[in-house]
Amino acid sequence: PWGMRKLWFCLFLSGCTALSGSRAPEKSQSIETRDVPVAARGEDEGPRHRLLVLPFLDERLDSSKTPADVSRQTVVRELLRTGQFVIVSPEDFPQDPKKFMTEDNDYDLPQIAKIASGMGVSAVLEGKVLSIKARRAGDSMGLIRQTKAQVSTQVRLRMYAGKNGKEVLNEVRAADTEATSTRVGDRQDTAASLAEDPEMIRTAVRKAVLSAVPNVVRAVEKLRWEGR
């Protein structure tokens, strides 16, 4: 009968419409993180400053690379959180920074800054671990345990302007804090091993340099205004 055929025809059209309206779920796109062009920034945002952060040094020549490496990572992380800097890696520097060491186990920052200025670098930052001392404060029992320690640290930050090679920052920051680390095994936690523990170092250095980060921002911002 014509009525039944008409009903089936309507149902067929409705099904096609529903199918054409449904879409496969879109794949989530990864967020691209990159430096934002100056023209695209808000009125309250200035251009980011290119800052060359050299490999950190350690006053204690018998120490491993761990304290210096973890200290640099911690400082870079705090600088990036300000949103004011593009951190230039030492690998992008045309020469090995270690070739510019002085007799005092410091970098020849005026010379490095002179070369870095050709890379569009606003300033060069040197960090040096002066001391890290740890004393165990207690731990839990077991193969995997949480170890607490009182950690004292001193870190020096020096920064030179890329444009004129002059010193714009020289500060020593110290901190005493309680840090916790996850330890595995039944070995003894000596003061020396705790002072080499990345978790201990990260906590102590972060507390030491937090108050210095605003001074780094102000010093580089001053360079921008002086260059106008």
Side-chain angles (χ1 to χ4, degrees), residues 31-59 67-95 97 100-102 104 106-130 153-175 177 201-228:
I31 299 175
E32 181 183 3
T33 303
R34 60 179 181 177
D35 193 25
V36 181
V38 175
R41 298 175 185 270
E43 294 181 357
D44 296 334
E45 287 188 90
R48 294 182 184 175
H49 310 288
R50 289 175 60 83
L51 183 66
L52 172 60
V53 181
L54 297 169
F56 270 37
L57 305 172
D58 199 323
E59 182 77 8
D69 289 346
V70 174
S71 296
R72 183 186 182 277
Q73 294 166 8
T74 304
V75 171
V76 167
R77 188 178 296 113
E78 295 305 320
L79 290 171
L80 289 175
R81 283 180 177 176
T82 67
Q84 300 292 318
F85 299 104
V86 174
I87 302 299
V88 178
S89 170
E91 284 73 23
D92 294 327
F93 193 68
Q95 300 184 49
F100 296 88
M101 299 298 296
T102 68
D104 296 327
D106 296 325
Y107 289 112
D108 185 349
L109 289 180
Q111 188 65 27
I112 293 178
K114 182 179 180 180
I115 299 173
S117 64
M119 304 165 56
V121 168
S122 299
V124 179
L125 182 66
E126 172 204 84
K128 191 172 189 178
V129 178
L130 300 181
T153 184
Q154 279 190 325
V155 179
R156 188 190 70 192
L157 298 178
R158 290 198 305 154
M159 188 166 65
Y160 275 61
K163 186 176 182 180
N164 54 27
K166 293 183 178 180
E167 185 179 81
V168 294
L169 182 80
N170 190 337
E171 296 186 2
V172 175
R173 296 286 168 164
T177 186
I201 298 168
R202 193 173 294 112
T203 301
V205 170
R206 182 174 184 272
K207 184 175 180 181
V209 303
L210 268 180
S211 58
V213 169
N215 293 343
V216 173
V217 174
R218 281 192 290 268
V220 177
E221 187 68 18
K222 185 179 179 181
L223 292 175
R224 183 170 72 91
W225 283 102
E226 290 178 348
R228 290 187 173 185

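Fair warning: this is a prediction, and the values are worked out from it, not measured in the lab.
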Salt bridge or not for R50 and D92, using N-O below 4.0 Å? no
Can you tell me if R72 uses its side chain to pair, donor with acceptor, with the backbone of V53 under 3.5 Å? yes
Which residues satisfy the side-chain contact (heavy atoms from CB on, under 4.5 Å) test with A116, sequence neighbours excluded? L52, F93, V121, V124
Not counting sequence neighbours, which residues clear salt bridge (Lys or Arg N to Asp or Glu O under 4.0 Å) with R173? List them please. E171
What pairs with R158 under salt bridge (Lys or Arg N to Asp or Glu O under 4.0 Å), at least two apart in sequence or on another chain? E126
Mind checking side chain to side chain donor-acceptor pair (under 3.5 Å) for D69 and listing every partner two or more places apart, or none if nothing turns up? none
Once you round to the nearest 0.5 Å, how far does CZ of R156 lie from CD of E59? 7.5 Å
By side-chain contact (heavy atoms from CB on, under 4.5 Å), which residues pair with S71, not counting sequence neighbours? F56, V129, I201, V205
Using every non-hydrogen atom in the two residues, find where G165 and Y160 come nearest and quote the distance to one decimal. O-CD2, 3.2 Å
Residue set satisfying side-chain contact (heavy atoms from CB on, under 4.5 Å) with A161, at least two apart, ordered chain then number -> N164, V168, L223
Sequence neighbours excluded, the answer for side-chain contact (heavy atoms from CB on, under 4.5 Å) partners of L80 is V76, I87
Minimum side-chain heavy-atom gap R218-P214 below 4.5 Å: yes
Heavy-atom closest pair, residues A123 and L51: O-CD1, 3.3 Å
Contact list for residues 205-217, test salt bridge (charged side-chain N to carboxylate O under 4.0 Å, His left out), sequence neighbours left out: E78-R206
Do any N or O atoms from the side chain of Y107 and from the backbone of P55 form a donor-acceptor pair under 3.5 angstrom? yes
How would you list, by chain and number, every residue that makes a side chain to side chain donor-acceptor pair (under 3.5 Å) with R77, sequence neighbours excluded? none
Nearest heavy-atom neighbours spanning P97 and P90: CG-CB, 4.3 Å
What are the two closest non-hydrogen atoms of R48 and V86, and how far apart are they? CB-CG2, 3.9 Å
Distance (rounded to the nearest 0.5 Å) between L54 CG and S89 OG: 10.0 Å
Suppose we screen for side chain to side chain donor-acceptor pair (under 3.5 Å). Which residues come up paired with Q95, at least two apart in sequence or across chains? none
Specify the closest pair of heavy atoms between L125 and M159, including all atoms of both residues, with the distance to one decimal. CD1-CB, 3.9 Å
Taking salt bridge (Lys or Arg N to Asp or Glu O under 4.0 Å) as the test, write out the residues that go with D108, two or more places apart. none
With sequence neighbours excluded, tell me which residues meet side chain to side chain donor-acceptor pair (under 3.5 Å) with N170. E167
